[in-house]
Amino acid sequence: MSGKKLRYLFAAHGLLILGIFLVSGMALAAFLAPWLAGCDPLRIDQNAILLSPSLVHPLGTDSLGRDVWARMLYGARVSLQVGLVSVGISVSIGTSVGLIAGWFRGLIDECLMRFVDIMLCFPAFFLILAVIAFLEPSLFNIMAVIGLTSWMGTARLVRAETLSLREREFIQAARLSGAGTVRILLRHILPNAAAPVLVSATLGVAGAILTESGLSFLGIGVQYPNPSWGNILIEGKETLGVAWWLSLFPGLAILFAVLGYNLLGEGLRDLLDRRSP
Amino acid sequence: MLRRILRKILWIGIVFIGITLVGFFVIHLAPGSPTDLQTTMNPLADAQAQERLAAFYGLDKPLYEQYALWLKRLVQLDFGNSMGSDSRPVTEKIAERLPLTLWINAATMLLTLLLSVPIGVCAARKRGGVFDKITTLIVFLGFALPGFWLSLLLMVQFSIELQWLPLSGLVSLDYASLSLPEKALDIARHLLLPIFVSTFGSLAGMSRFMRASMLDVLRSDFILTARAKGLPERLVLFRHALANALLPLITILGLSVPGLIGGSVILEYIFSLPGMGQLFYNAVMARDYPLIMGNLVLGAVLTLAGNLLADFAYGLADPRIRSGLLLDGKREEG
């Protein structure tokens with residue numbers, strides 16, 4: 001690719017490229033964690049308590065002498081997993097609800113959309129906190145609860161797309177040629193509504209990562225000794241003013257991960273949405 | 001018009017019942033019982049004592065009966081008594097915590113509004129200009145910055161390093177001995193960082209929205225007309241464009257209520273502020289059913305009220321809706 005073309009690409013989609021860069025960086029860190037870490041993230045070393053960053057411990061150690069760099073890498077796995085799985089859940093629910101409401105309209109639509117209204121009234125963090133506190137705060141529960149409380153936006157989006165698509169000629173053609181409802185919904189409507197769903201899913205990953213780190217920071221997310229960016233920050237809070245590396249690095253990691261998915265989402269929106277100027 | 005109002009009232013009723021249903025069943029279907037904490041820790045408590053305790057709180061009745069009882073008392077604004085050791089009414093506990101949270105959120109909203117409107121207008125006026133690019137960058141950072149992390153950084157800088165501001169809490173230790181203006185100053189110093197963090201968090205979304213709204217209006221024909229008839233740019237922007245671009249902001253303000261209330265949990269946790277968020281966090285930790293449900297339902301009802309207020313304000317502000325030209329309001333398409 002010539003330099004001119006490259007410059008044009010960056011000028012037009014610079015933020016998207018930055019987003020891809022950040023997102024793939026995080027994914028690499030998560031996948032390669034066992035090889036990059038250099039040591040066990042759970043290993044306690046009483047001779048290395050609260051060491052500042054050095055060559056042996058690039059990001060320092062925590063109050064139990066565990067290597068922060070290794071914990072950060074394994075924390076990336078947690079964040080990535082929570083982001084992808086909970087969004088998978090929320091997109092599946094949201095898409096199904098949206099397709100059904102938009103296709104059948106009438107009473108079904110009315111009931112489903114009122115349920116969406118109701119769910120949207122709950123401050124999401126209140127609802128998540130309440131449910132998590134009654135369940136075991138395990139990784140699976142966190143992902144399930146975040147997914148179950150964040151599907152409403154996707155549902156509204158898919159419903160609106162379905163409502164407008166169902167009147168189009170190609171859908172009538174599919175109907176006339178004898179396609180069943182399920183086939184029309186999955187083969188004809190869903191692919192045409194995929195672009196905005198993809199955008200909202202990408203932005204959803206960012207939101208889920210933030211929520212998980214918030215929960216872990218409150219002590220009801222990922223539990224010790226397992227590392228997560230949020231629970232490394234707990235130690236950062238406890239050693240405030242003493243061990244700056246315990247609050248700086250996990251925060252930066254959350255910032256860049258969320259930034260990456262947001263940029264990717266916004267970039268995709270610009271790319272995919274032909275209506276926007 | 002009457003039809004619209006009736007529809008709205010019906011909608012409010014349905015959503016309210018839905019809120020109580022979801023709130024009640026989410027809490028009660030979750031495994032674990034609120035009496036666990038008082039009994040399993042206590043070696044003197046046998047199975048019989050556990051049953052007596054469950055009966056005392058009415059937990060032995062079937063779920064729908066519990067719900068009916070709870071709803072009946074709810075309508076009389078009685079959320080029951082806390083299961084904590086003080087056994088005080090939930091309404092009383094919430095009432096003493098709610099004002100602080102509302103004040104912080106109101107201050108946040110006001111500041112966000114005051115800042116995001118000029119930022120959005122300036123960014124939209126010269127789209128792609130230097131100001132637009134810088135604010136876009138800041139907006140993306142603002143979206144991604146975890147509020148609790150920003151709080152920690154600010155606490156280190158201003159409370160520990162520079163010692164300008166108190167670390168946490170609402171009042172200082174010597175609060176009782178201070179004079180009235182000193183008291184006000186003391187509280188203000190304690191609330192400065194929390195309100196800053198909270199405002200920074202909502203500023204990104206709001207200014208982004210204001211920019212988009214402004215850009216949208218600037219494309220319309222009446223702006224072209226205004227420019228074509230030679231109005232100065234200042235008048236075009238502030239008289240013609242801004243008035244219209246502000247309208248959707250009302251809806252967004254209403255929609256930001258649940259985020260603010262939910263966000264108060266972490267904020268009040270970090271800064272040890274005795275607000276509703278902290279109360280809720282403690283209730284969750286103690287599995288205090290009535291208190292959790294009280295908070296959950298109140299949070300949702302506040303959101304509902306925020307949305308309705310926004311709808312109402314929208315109707316007042318937009319003459320097209322007032323005169324019934326745009327009959328289907330914002331809500332119907334949702």
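Order of the sequence lines fixes the chain letters, A, B, ..., with proteins taken first and strands second; residue numbering starts at 1 for each chain.
Neither the backbone nor the side chain of B/Leu150 has a heavy atom closer than 4.5 Å to any heavy atom of chain A. Looking at A/Ile128, there are no atoms closer than 4.5 Å to chain B (heavy atoms on both sides), in backbone or side chain. Both the backbone and the side chain of B/Leu141 come within less than 4.5 Å of a heavy atom of chain A. With a 4.5 angstrom heavy-atom cutoff, A/Leu15 touches chain B only via side-chain atoms. For a residue to count as touching a neighbouring chain, one of its non-hydrogen atoms must lie under 4.5 Å from one of that chain's; by this rule A/Leu252 touches chain B with backbone and side chain alike. With a 4.5 angstrom heavy-atom cutoff, A/Phe115 touches chain B only via side-chain atoms.
Shown here for A/Leu218 and B/Met285, the closest heavy-atom pair between the two residues is O-CE, 4.3 Å. Minimum heavy-atom separation, A/Phe126 to B/Asn295: CE2-O, 3.7 Å. Minimum heavy-atom separation, A/Leu233 to B/Trp149: CD2-CD1, 3.7 Å. For the residue pair B/Ile292 and A/Ala130, the shortest heavy atom distance occurs at CG2-CB, 4.1 Å. Taking each heavy atom of A/Pro123 and B/Gly299 in turn, the nearest pair found is CD-C, 3.8 Å. Across all their heavy atoms, B/Ala144 and A/Leu255 have their closest contact at CB-O, 3.5 Å.
Annotation: the span from A/Ile118 atom CD1 to B/Ile17 atom CD1 amounts to 9.5 Å, rounded to 0.5 Å. In this structure, CD1 on B/Ile266 lies 8.5 Å from OG1 on A/Thr211, to the nearest 0.5 angstrom. Atom OG1 of B/Thr136 sits about 10.0 Å away from atom CD of A/Glu266, to the nearest 0.5 Å.
Of all residues in residues 94-104 of chain A, none places a non-hydrogen atom less than 4.5 angstrom from a non-hydrogen atom of chain B.
Contact count versus chain A (heavy atoms, under 4.5 Å) is highest, among B/Ile19, B/Ile14, B/Ile261, for B/Ile19. Contact count against chain B (heavy-atom pairs under 4.5 Å) is highest for A/Leu248 among A/Ile220, A/Leu127, A/Leu248. Highest contact tally toward chain A, considering only B/Leu260, B/Leu215, B/Leu296, is held by B/Leu296 [criterion: heavy-atom pairs under 4.5 Å]. Note: B/Val265 leads B/Val265, B/Leu21, B/Leu137 in heavy-atom pairs under 4.5 Å with chain A.
Using a 4.5 Å cut-off on side-chain heavy atoms (C-beta onward), B/Val156 and A/Trp244 make no contact. When side chains are defined from C-beta on, A/Val258 does not count as touching B/Phe143, because their heavy atoms never get closer than 4.5 Å. Taking the side chain as every heavy atom from C-beta outward, B/Thr303 and A/Phe122 never approach each other to under 4.5 Å. Within the 4.5 Å cutoff, no side-chain heavy atoms of B/Pro258 are placed close to those of A/Leu120. The closest side-chain heavy-atom distance from B/Leu152 to A/Phe217 is below 4.5 Å.
No donor-acceptor distance shorter than 3.5 angstrom exists from the side chain of B/Tyr281 to the backbone of A/Leu129, with no hydrogens or angles considered.
For the pair A/Lys237 and B/Phe148, the cation-pi test (distance below 6.0 Å, angle within 45°) is failed.
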